[in-house]
Every structure is written in C-alpha cells, then in structure tokens.
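Heads up, the thing below is written out as structure tokens.
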Amino acid sequence: DCETAGYNKPLTVVCFYTPKDGQIEVTSLIKGKDLNKENIERALSGCKLLITYNGCISDLKWIERDFPGVISPTIPHLDLYLVAKELNLNTNLKVLETTFNIDRIDKKTQRRFIAVKLWKRYIEKGDENALATLIEYNKQDTINLYPIAEELMSQV
C-alpha cells in the first residue's frame with residue numbers, strides 16, 4: 001500500500017506485507033529516510049503476487065512514476081478493488097473491512113485524507129507522532145489487504 005502527499009504528488013510511505021506462518025512481516029519505507037529504488041527492490045525480492053487495493057489506478061502507477069522499472073512486469077497483480085467491483089460489493093476499503101469484520105488497531109485512522117494531513121503535519125512541524133500514526137495507518141491498510149483478498153476470493 002502507498003501514501004502520497006496529495007493527489008498526483010510524490011510518494012510519502014510505501015508498505016509491504018509478507019504473510020508468513022505465525023508472524024506478520026511488514027516493511028515500511030519513508031520518503032526522506034529509506035524510500036528508494038534499492039529498498040523497494042529488496043522488499044519485492046521473492047514476491048510471487050502483488051495484492052493492492054486500486055493499485056492499477058494508484059499504488060503501482062505511483063511507484064512506477066517515482067521509481068521507474070522497480071516493479072517487474074512478470075509479478076502477477078491482484079487488484080482487490082476490481083474484484084469487489086465485479087462482485088457488486090461496496091468498493092470502499094474501509095467499508096469492506098467492516099463488512100468482513102476485519103479490525104483496525106486504531107479506529108481514528110479511518111478518516112478521509114488522514115494520510116495527507118499526517119504527512120503535512122510531519123513535514124511542516126516535525127511532528128514525529130504524526131509520522132508514527134501515518135506509518136501505522138499505512139501498515140494497517142497493507143495488512144488488511146490479505147484477509148480482504150481471502151474473503152473476496154471465497155466469493156468468486
């Protein structure tokens with residue numbers, strides 16, 4: 001999952017989740033710290049399937065825009081937005097989380113445009129708590145894609 005500084009603005013946070021038995025392995029990359037082509041390539045090494053939510057329109061295009069050639073075209077991609085749309089389900093990620101009883105650790109991060117506001121607060125005021133909240137928000141979006149994928153695919 002990715003966050004940006006606003007519509008058609010540069011990436012601010014990119015998060016990768018690798019499901020493994022009994023553990024959650026998450027890699028969060030932050031603009032100005034460790035968000036670079038090499039770290040994205042490292043996070044994607046061994047990747048067998050990319051799962052995104054509206055990634056065809058946003059995430060994958062944004063990554064490719066900011067880091068051309070970093071995502072191999074041979075990695076299959078499952079866009080859960082398109083699957084939900086085909087199943088005639090509400091295609092809002094947060095609504096799907098509620099529909100499938102998938103919890104968020106921090107409910108306040110469900111507000112619209114929270115990611116942009118948090119990044120702005122971090123950049124303009126140096127608010128490390130805003131950055132930590134943004135990273136957690138993005139992490140929850142990323143981790144929740146996997147159970148949403150399982151729920152959607154069980155309905156196909």
Side-chain angles (χ1 to χ4, degrees), residues 1-84 91-94 96-97 102-150 152:
D1 188 55
C2 301
E3 306 302 339
T4 67
Y7 179 74
N8 207 26
K9 303 269 176 132
L11 291 166
T12 57
V13 178
V14 179
C15 188
F16 299 93
Y17 166 51
T18 305
K20 295 186 176 185
D21 288 336
Q23 66 182 18
I24 294 175
E25 184 178 305
V26 177
T27 302
S28 295
L29 304 174
I30 315 304
K31 180 180 174 87
K33 294 187 180 210
D34 55 4
L35 178 57
N36 58 50
K37 187 172 184 173
E38 294 76 26
N39 286 336
I40 293 172
E41 287 171 338
R42 188 175 301 114
L44 290 173
S45 68
C47 179
K48 295 181 181 141
L49 174 67
L50 286 172
I51 300 174
T52 66
Y53 195 85
N54 208 18
C56 289
I57 300 299
S58 56
D59 300 63
L60 298 183
K61 286 187 176 187
W62 295 337
I63 292 171
E64 186 61 28
R65 176 198 65 204
D66 289 6
F67 303 99
V70 74
I71 298 175
S72 170
T74 62
I75 300 174
H77 174 227
L78 174 62
D79 189 330
L80 300 179
Y81 171 83
L82 299 176
V83 176
T91 53
N92 178 297
L93 180 63
K94 306 311 182 256
L96 288 176
E97 288 174 344
I102 298 167
D103 284 332
R104 283 193 157 246
I105 296 165
D106 187 351
K107 301 284 187 208
K108 72 178 180 254
T109 60
Q110 289 182 313
R111 298 188 314 252
R112 279 178 67 85
F113 306 112
I114 189 74
V116 173
K117 292 173 185 174
L118 289 167
W119 182 256
K120 186 175 180 180
R121 211 163 75 210
Y122 167 66
I123 290 299
E124 291 178 358
K125 297 180 180 176
D127 186 341
E128 291 292 330
N129 288 329
L131 179 61
T133 302
L134 173 59
I135 292 167
E136 184 59 34
Y137 167 79
N138 185 247
K139 179 180 170 182
Q140 288 180 56
D141 273 1
T142 304
I143 291 169
N144 285 354
L145 292 177
Y146 193 78
I148 289 171
E150 290 181 317
L152 291 174

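No donor-acceptor distance shorter than 3.5 angstrom exists from the side chain of Asp79 to the backbone of Tyr53, with no hydrogens or angles considered. Between the Lys37 side chain and the Pro68 main chain, a donor and an acceptor come within less than 3.5 Å of each other.
In this structure, CG in Asp1 is found 11.0 Å from CD in Gln140, a value given to the nearest 0.5 Å. How far CD of Glu150 is from CD1 of Ile51: 8.5 Å, rounded to the nearest 0.5 Å. One finds the CD atom of Glu41 at 6.5 Å from the CD atom of Glu38 (value rounded to the nearest 0.5 Å). Rounded to the nearest 0.5 angstrom, Leu60 CG and His77 NE2 are separated by 4.5 Å. With rounding to the nearest 0.5 Å, the separation of OG1 in Thr18 from OH in Tyr146 is 11.0 Å. Asn144 CG to Leu96 CG: the interatomic distance, rounded to the nearest 0.5 Å, is 11.0 Å.
No side-chain heavy atom of Leu118 sits less than 4.5 Å from a side-chain heavy atom of Thr12. Counting heavy atoms from C-beta outward, Leu78 and Thr52 have side chains that stay 4.5 Å or more apart. With a 4.5 Å cut-off on side-chain heavy atoms, Ile102 and Lys94 do not count as touching. In this structure, Glu3 and Leu134 have side chains that are in contact, with non-hydrogen atoms separated by less than 4.5 Å. Between Ile63 and Cys2 the shortest side-chain heavy-atom distance falls below 4.5 Å. In this structure, Asp59 and Leu50 have side chains that are not in contact, with every pair of non-hydrogen atoms separated by 4.5 Å or more. Side chains of Ile57 and Tyr81 form no contact here, defined as non-hydrogen atoms less than 4.5 Å apart. In this structure, the side chains of Lys20 and Gln23 come closer than 4.5 Å at one or more pairs of heavy atoms.
When every heavy atom of Ser28 is checked against every heavy atom of Ile135, the shortest pair comes out as OG-CG2, 3.8 Å. Between Tyr17 and Val26, the closest heavy-atom pair is CD1-CG2, 4.1 Å. The heavy-atom pair separating Ala43 from Thr27 by the smallest distance is CB-CG2, 4.4 Å. Contact between Phe67 and Asn36 at its shortest, heavy atoms only, is CE2-CA, 3.6 Å. Nearest heavy atom pair, residue Ala130 against residue Tyr122, reads CB-N, 4.1 Å. Heavy-atom minimum distance, Cys56 versus Leu82: SG-CD1, 4.1 Å.
Atom NZ of Lys9 has 12 or fewer neighbouring heavy atoms from other residues, nucleotides or ligands inside a 6.0 Å radius. Heavy atoms of other residues, nucleotides or ligands lying less than 6.0 angstrom from CZ of Phe16 number more than 12.
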Should Lys139 and Thr142 be marked as a side chain to side chain contact (heavy atoms under 4.5 Å, CB included) after you check the CA-CA gap, both sets of side-chain angles, and the distance that decides it? CA-CA 5 Å; Lys139 179 180 170 182; Thr142 304; 5.7 Å; no
Does the side chain to side chain contact (heavy atoms under 4.5 Å, CB included) test come out yes or no for Lys33 and Leu131, once each step is laid out? CA-CA 12 Å; Lys33 294 187 180 210; Leu131 179 61; 3.8 Å; yes
Show, in sequence, the C-alpha distance, side-chain angles and deciding distance for Leu11 and Lys31, and conclude whether the side chain to side chain contact (heavy atoms under 4.5 Å, CB included) test is met. CA-CA 7 Å; Leu11 291 166; Lys31 180 180 174 87; over 6 Å; no
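At a cut-off of 3.5 Å, with distance as the only test, no side-chain donor of Asn39 or Asp34 sits close to an acceptor on the other residue.
When each of Asn138, Leu35, Val13 is checked for a side chain to side chain contact (heavy atoms under 4.5 Å, CB included) with Ile30, only Val13 meets the rule.
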